[in-house]
Amino acid sequence: MGNNRILLFVFISCFCWGQDTLTNNKVNVDFSGYMDGYYAYDFNNSTQLTKQFFFYNHNRHNEFNINIALFRGVITYENIYAKLSFQAGTYVDDNYSNERIKNINEAFLGFYLDTAKKHTLEMGIFSSYIGFESAITGTNLTLTRSILAENSPYFMTGLKYNYNVSKQWLFSGLITNGWQRIAKPNNSIPPSFGTQIVFKPSENSLLNWSTFVGKENYNGAFGMRYFSNFYWDATWDSKWRTILGFDFGLQKRNALKESYVNWWSPVLITQYTISSKWQTAARLEYYQDKHNVIIAHTNPFSTYGYSINFDYLFNTKAKFRVEARYLAAKEPLFYDNTKDNFSITTSLSFEFN
């Protein structure tokens, strides 16, 4: 009940102000939000509430629901800024099931360390630096998120240093509580570390390399995990945009042996703008986690998939989307003990800022 009252207060505050920005004696306050309603149907699912256990977005089967409702506030004063975002929806229920703090999407304080604003330091809960697909799914090329994005961190908790070297280069270093974790499960577990390098060779091309190093639970014991995410995002012209991504991870088997197991995943997404109102995107992906490091299953997890979606843009803020998605595997990995899976998802989203 307490969390619901907080969300209601933020909701009322956003609309009672009647404007997006408030400025008072150099204090600047901005409000924004996002809401994503959806309906999904899994044709291989006859009994389960969720589409598949390894998805966290748009994952309710045969019902209308809210994937995420998000309300944010950003305050800036001279060289200090703070961001606080509240959230609710089925994405929150699924992705934050192990956290006591569920309804906070971001809560961090940041400082500009120099007058040129090239160096910043942030501390708190913030969106993940890993990957190209956001929890604000309306900004993604596809309606649903790729398997590699669904099974890598959405958020991090810790300390982040950013260095904007130039318009082309950005470097970041992080100390965090671990792999998508707000509270550490054991105080004896040391903090984790991460890096991010962003290079923009042109205005229409971006390369990103993110890494993670830390101890994570595998088969009941904490062992070292090494993870790397790389992606290339290219806008070819006014019609075409392509994203190529690749994840690779290593996990130590146990504390007694120095051997490691791995998981990896490539994905290719291409979007085509048909007109000012219509867009379409196609995705080809593969995910292999044969030792079930990330995706727990009785069988080795290995699947490939295809998807296609069509988007109708009411305006720059509202979007209606329809997506068909097919997954296939050699082992029965999906609900109802099947080796393939087909689902259709629809979404209506609105963002205000």
Side-chain angles (χ1 to χ4, degrees), residues 52-56 95 98 126-133 145-161 171-199 207-232 243-268 284-305 327 329-331 333:
Q52 296 297 330
F53 66 94
F54 51 88
F55 289 145
Y56 302 92
N95 196 45
N98 295 324
F126 38 78
S127 296
S128 175
Y129 61 100
I130 296 172
F132 54 86
E133 292 179 320
R145 285 170 47 114
S146 306
I147 302 176
L148 87 171
E150 288 284 77
N151 293 279
S152 61
Y154 279 86
F155 60 88
M156 291 291 188
T157 306
L159 185 68
K160 184 179 181 182
Y161 165 73
F171 294 93
S172 299
L174 300 95
I175 304 175
T176 68
N177 287 341
W179 182 271
Q180 186 173 282
R181 185 178 298 119
I182 296 177
K184 292 170 63 176
N186 189 331
N187 287 330
S188 64
I189 303 300
S192 301
F193 300 91
T195 62
Q196 182 180 24
I197 301 174
V198 180
F199 173 56
L207 293 96
N208 184 101
W209 180 37
S210 300
T211 67
F212 171 90
V213 178
K215 283 191 173 183
E216 292 298 323
N217 185 40
Y218 177 61
N219 287 339
F222 278 85
M224 289 301 300
R225 177 175 297 178
Y226 303 92
F227 176 78
S228 174
N229 163 262
F230 175 84
Y231 70 86
W232 174 41
I243 296 179
L244 176 65
F246 184 75
D247 280 5
F248 182 80
L250 290 171
Q251 175 71 46
K252 190 175 182 180
R253 286 180 180 268
N254 55 58
L256 301 177
K257 296 182 179 180
E258 289 299 323
S259 60
Y260 288 81
V261 294
N262 66 73
W263 75 96
W264 55 279
S265 174
V267 61
L268 174 65
L284 172 64
E285 62 181 330
Y286 177 75
Y287 197 94
Q288 179 175 292
D289 184 12
K290 291 187 175 181
H291 298 278
N292 306 116
V293 179
I294 302 298
I295 301 179
H297 202 285
T298 55
N299 294 320
F301 193 92
S302 177
T303 184
Y304 64 88
L327 302 172
K330 294 182 179 179
E331 302 286 343
L333 299 179

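The residues of the chain are indexed from 1 along the displayed sequence.
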Do any N or O atoms from the side chain of [X] and from the backbone of [Y] form a donor-acceptor pair under 3.5 angstrom?
{"X": "Gln251", "Y": "Tyr218", "value": "no"}
{"X": "Ser146", "Y": "Leu148", "value": "no"}
{"X": "Glu285", "Y": "Gly305", "value": "no"}
{"X": "Lys160", "Y": "Ser172", "value": "no"}

Between atom [atom1] of [X] and atom [atom2] of [Y], what is the distance when rounded to the nearest 0.5 Å?
{"X": "Thr157", "Y": "Ile182", "atom1": "OG1", "atom2": "CD1", "result": "5.0 Å"}
{"X": "Ile147", "Y": "Asp247", "atom1": "CD1", "atom2": "CG", "result": "11.5 Å"}
{"X": "Thr176", "Y": "Arg181", "atom1": "OG1", "atom2": "CZ", "result": "8.5 Å"}
{"X": "Glu133", "Y": "Ile243", "atom1": "CD", "atom2": "CD1", "result": "7.0 Å"}
{"X": "Tyr161", "Y": "Phe171", "atom1": "OH", "atom2": "CZ", "result": "10.5 Å"}
{"X": "Tyr129", "Y": "Phe155", "atom1": "OH", "atom2": "CZ", "result": "13.0 Å"}

Taking the side chain as every heavy atom from C-beta outward, state whether [X] and [Y] have any atom pair closer than 4.5 Å.
{"X": "Gln52", "Y": "Leu333", "result": "no"}
{"X": "Tyr154", "Y": "Gln180", "result": "yes"}
{"X": "Arg225", "Y": "Ile294", "result": "yes"}
{"X": "Asn229", "Y": "Asn208", "result": "yes"}
{"X": "Arg253", "Y": "Val261", "result": "yes"}
{"X": "Leu174", "Y": "Phe126", "result": "yes"}
{"X": "Trp263", "Y": "Ile295", "result": "no"}
{"X": "Glu331", "Y": "Ser302", "result": "no"}

Legend entry - For Phe227, the option from Phe212, Trp179, Tyr260 that meets ring pair (Phe, Tyr, Trp, His ring centres under 6.0 Å):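 When ring pair (Phe, Tyr, Trp, His ring centres under 6.0 Å) is applied between Phe227 and each of Phe212, Trp179, Tyr260, only Trp179 qualifies.
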Inset, instruction - Take Phe193 and Thr195 through the side chain to side chain contact (heavy atoms under 4.5 Å, CB included) test and state the conclusion after the steps. - result: CA-CA 7 Å; Phe193 300 91; Thr195 62; over 6 Å; no
Inset, instruction - Go through the steps to decide whether Trp232 and Phe246 satisfy the test side chain to side chain contact (heavy atoms under 4.5 Å, CB included), and finish with yes or no. - result: CA-CA 9 Å; Trp232 174 41; Phe246 184 75; over 6 Å; no
Inset, instruction - Compute the centroid of each ring, for Trp264 and then for Tyr286, and state whether the two points are separated by less than 6.0 Å. - result: yes
Inset, instruction - Please indicate whether Asn98 has more than 12 foreign heavy atoms, meaning atoms of other residues, nucleotides or ligands, lying under 6.0 Å from its CG. - result: no
Legend entry - Parallel, tilted or perpendicular: ring planes of Tyr287 versus Phe301, cut at 30 and 60 degrees: perpendicular
Inset, instruction - Give me the ring orientation class for Phe53 and His297: parallel if the planes are under 30° apart, tilted from 30 to 60°, perpendicular past 60°. - result: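 Correct class here is tilted.
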I need the minimum non-hydrogen distance between [X] and [Y], along with the two atoms involved.
{"X": "Ala221", "Y": "Asn217", "result": "N-OD1, 3.1 Å"}
{"X": "Ser192", "Y": "Gly214", "result": "OG-CA, 3.5 Å"}
{"X": "Pro191", "Y": "Ile175", "result": "CB-CG2, 3.7 Å"}

Inset, instruction - Could you please spell out the steps behind the side chain to side chain contact (heavy atoms under 4.5 Å, CB included) verdict for Asn151 and Tyr56? - result: CA-CA 9 Å; Asn151 293 279; Tyr56 302 92; 3.9 Å; yes
Inset, instruction - Step by step, work out the side chain to side chain contact (heavy atoms under 4.5 Å, CB included) result for Val267 and Phe132. - result: CA-CA 11 Å; Val267 61; Phe132 54 86; 3.6 Å; yes
